[in-house]
Amino acid sequence: MATTDDSVNGMTEHCDECDLETLHEVSVQIRTESLKEENAQFSREPYRVAECQRCGNRTSQRMNNA
Ligand SMILES: [Zn+2]
């Protein structure tokens with residue numbers, strides 16, 4: 001299967017809402033933070049978004065916060 005930046009993958013992760021290991025639909029979104037125009041290098045941030053397939057809770061995490 002081909003993979004792309006916006007491909008959707010199912011994987012098992014811990015859900016805070018369910019307090020269980022549940023199946024999550026994981027995708028990557030590029031968010032444009034247009035309010036921070038003075039920091040051009042941070043203007044587009046990749047976020048990893050995981051949606052619990054049991055309760056629908058969504059969590060997003062900035063990927064490059066090292
Ligand atoms: Zn859940």
Side-chain angles (χ1 to χ4, degrees):
M1 277 205 240
T3 56
T4 61
D5 284 347
D6 56 5
S7 65
V8 175
N9 302 295
M11 53 185 297
T12 302
E13 295 188 2
H14 183 266
C15 174
D16 288 340
E17 293 295 320
C18 300
D19 199 21
L20 287 171
E21 297 285 321
T22 62
L23 183 66
H24 283 68
E25 197 176 87
V26 177
S27 59
V28 175
Q29 293 183 347
I30 305 297
R31 295 188 185 177
T32 302
E33 299 182 342
S34 59
L35 295 178
K36 296 180 180 177
E37 287 178 20
E38 70 271 24
N39 293 321
Q41 68 186 107
F42 300 122
S43 63
R44 282 183 291 170
E45 297 283 357
Y47 280 79
R48 180 183 182 280
V49 180
E51 182 176 319
C52 176
Q53 299 302 286
R54 184 172 183 272
C55 74
N57 182 51
R58 281 187 149 203
T59 56
S60 61
Q61 182 176 25
R62 191 182 296 197
M63 293 177 78
N64 59 348
N65 58 357

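Numbers here simply count residues along the sequence, with the first being 1.
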Practice prompt. For residues Val49 and Arg31, determine if any side-chain heavy atom of one lies less than 4.5 Å from a side-chain heavy atom of the other.
Written response: yes
Worksheet item: Under 4.5 Å between any side-chain heavy atoms of Asp19 and His14, yes or no?
Response: yes
Hey, what do you get for [atom1] ([X]) to [atom2] ([Y]), rounding to the nearest 0.5 Å?
| X | Y | atom1 | atom2 | answer |
| --- | --- | --- | --- | --- |
| Gln61 | Tyr47 | CD | OH | 10.5 Å |
| Thr12 | Leu20 | OG1 | CG | 11.5 Å |
| Arg58 | Cys52 | CZ | SG | 12.0 Å |

Fill in: Test applied, side-chain contact (heavy atoms from CB on, under 4.5 Å); reference residue, Asn57; option that passes from Glu17, His24, Glu51
Glu17
Discussion item. Apply side-chain contact (heavy atoms from CB on, under 4.5 Å) to residues Val26 and Glu13 and explain how you reach the verdict.
Written reply: CA-CA 10 Å; Val26 177; Glu13 295 188 2; 4.0 Å; yes
